[in-house]
Amino acid sequence: MLQLFGGLDEPSSGEVFYRGSSLAGRFDLDNYRSRRVGFVFQAFYLLPALRVLDNVQIPMLEGPLGARERRQKAEALLEEVGMTHRLRQYPNELSAGERQRVAIARSLANDPEILLADEPTGNLDSENSAKIMALLAGIQSQRGMTIIVVTHEAEVARMGHRNVHLKDGRVVARPFSNEPSSGKSHEF
């Protein structure tokens, strides 16, 4: 689902629309992915040979900002996620929670309108999971952006404003409820 929303895969049927335009056909997917969508992955995907500050700047390299502006923006993003004390560290010198904070800062580098988060708490303990979800909620509130989180954790899902429960590729009614489902489901 996130790959469809992110313009990485094409649906086998139907269409994905962004602001009234289908992502298929003549839509500029490169621009969409680099300017409109931020990605946060469970596995962080930080480049191990680069320091924290440099990892956050990666998405900005093809953009209009010069080196000084990229650095300043990366520093501001790292401050936003509480990581200014680790600017010069390498990813292997960080805890899992710290790596996820850096990955979130990197995902915000090009001011996306949509943030897609794939199991952002999957590699974290419960304390760091709560911190990451609070951070994402704060980002959503401050920036007014859409954040789509995929999770298997009911506690994380309950933090969302809207929940869509998928089971075997179908949307299932009454997610995370002890009440029996109405039996209604929809193809996704």
Side-chain angles (χ1 to χ4, degrees), residues 1-11 15-19 21-24 27-65 70 73-83 86 90-91 94-124 128-129 131-153 156-157 159-164 166 188:
M1 183 172 72
L2 290 183
Q3 290 183 339
L4 292 172
F5 291 158
L8 299 171
D9 282 344
E10 293 181 21
E15 293 181 78
V16 177
F17 286 84
Y18 171 75
R19 295 188 174 265
S21 297
S22 174
L23 294 187
F27 197 87
D28 184 353
L29 286 174
D30 290 335
N31 182 55
Y32 172 73
R33 285 188 293 258
S34 67
R35 303 278 175 236
R36 306 286 183 235
V37 179
F39 294 91
V40 178
F41 304 99
Q42 178 180 356
F44 320 123
Y45 294 120
L46 300 175
L47 298 175
L50 297 180
R51 297 178 190 275
V52 164
L53 186 62
D54 300 320
N55 263 286
V56 174
Q57 293 180 64
I58 294 288
M60 296 183 261
L61 291 177
E62 294 296 319
L65 300 178
R70 283 193 310 267
K73 187 169 186 177
E75 287 174 352
L77 288 167
L78 288 163
E79 182 175 350
E80 187 176 346
V81 300
M83 289 298 295
R86 304 292 255 162
Y90 289 97
L94 306 176
S95 71
E98 289 173 326
R99 281 185 235 154
Q100 193 62 292
R101 288 175 176 273
V102 173
I104 291 169
R106 181 191 56 203
S107 76
L108 299 171
N110 288 328
D111 301 312
E113 297 171 11
I114 303 168
L115 186 67
L116 303 175
D118 185 11
E119 295 279 0
T121 60
N123 285 331
L124 306 178
N128 279 307
S129 291
K131 288 179 183 177
I132 292 300
M133 291 310 296
L135 175 63
L136 289 174
I139 288 167
Q140 190 281 324
S141 175
Q142 290 171 350
R143 295 173 179 247
M145 68 188 315
T146 298
I147 299 179
I148 299 172
V149 176
V150 171
T151 185
H152 288 93
E153 300 175 46
V156 170
M159 298 175 88
H161 295 289
R162 180 174 181 209
N163 287 289
V164 176
L166 297 176
F188 184 74

Exactly one of Gln100, Glu153, His152, Gln42 clears side-chain hydrogen bond (donor to acceptor under 3.5 Å, both in side chains) with Thr121, and that residue is Glu153

Run the side-chain contact (heavy atoms from CB on, under 4.5 Å) test on Glu75 and Leu78 for me, step by step, so that the C-alpha distance in whole Å, both residues' side-chain angles and the decisive distance to 0.1 Å come before the verdict. CA-CA 5 Å; Glu75 287 174 352; Leu78 288 163; 5.8 Å; no

Does the distance from a Lys or Arg side-chain N to an Asp or Glu carboxylate O, for Lys131 and Glu98, drop under 4.0 Å? no

Could you grab the distance from atom CG of Asp111 to atom CE of Met145, nearest 0.5 Å is fine? 8.5 Å

Of all heavy-atom pairs between Phe39 and Leu8, which one has the smallest distance, and what is that distance? CE2-CD1, 4.0 Å

What's the verdict on side-chain contact (heavy atoms from CB on, under 4.5 Å) for Val40 and Leu116, showing C-alpha distance, side-chain angles and the deciding distance? CA-CA 6 Å; Val40 178; Leu116 303 175; over 6 Å; no

Nearest 0.5 Å, please: how far is CG in Leu61 from CG in Asn110? 9.5 Å

Test item: Asp9 side-chain N/O and Leu4 main-chain N/O as donor-acceptor pair under 3.5 Å: no

Heavy-atom pair with the smallest gap, counting every atom of Ala109 and Lys73: O-NZ, 2.8 Å

Heavy-atom pair with the smallest gap, counting every atom of Gly38 and Pro112: N-CB, 3.4 Å

Are any side-chain N or O atoms of Arg106 and backbone N or O atoms of Ala74, one a donor and one an acceptor, separated by less than 3.5 Å? no

Would you say the side-chain atoms of Ser34 pair up with the backbone N or O of Asp30, donor to acceptor, closer than 3.5 Å? yes

Please answer whether the main-chain N or O of Ala103 pairs with a side-chain N or O of Asn55 as donor and acceptor at a distance below 3.5 Å. no

Let me confirm one number: the CZ-CD1 distance from Arg99 to Ile104, rounded to the nearest 0.5 Å. 14.0 Å

Can you list the steps and then say if Ile58 with Val56 is a side-chain contact (heavy atoms from CB on, under 4.5 Å)? CA-CA 6 Å; Ile58 294 288; Val56 174; over 6 Å; no

Spatial distance of atom CG (Leu2) from atom CZ (Phe5) [nearest 0.5 Å]: 7.5 Å

Between Gly160 and Asn163, the two heavy atoms sitting closest are O-ND2, 4.2 Å

Please report the interatomic distance CD1(Ile114) to OG(Ser107), rounded to the nearest 0.5 Å. 12.5 Å

Go through the steps to decide whether Leu65 and Gln57 satisfy the test side-chain contact (heavy atoms from CB on, under 4.5 Å), and finish with yes or no. CA-CA 10 Å; Leu65 300 178; Gln57 293 180 64; over 6 Å; no

Are Val16 and Ser22 packed together at the side-chain level, in the sense that at least one heavy-atom pair is separated by less than 4.5 angstrom? no

Electrostatic pair Arg35-Glu113, nearest N-O below 4.0 angstrom: no

Spacing of OG belonging to Ser95 relative to CZ belonging to Arg86, to within rounding of 0.5 Å: 7.0 Å

Check whether any side-chain N or O of Arg101 sits under 3.5 Å from a backbone N or O of Val81 as a donor-acceptor pair, and report yes or no. yes

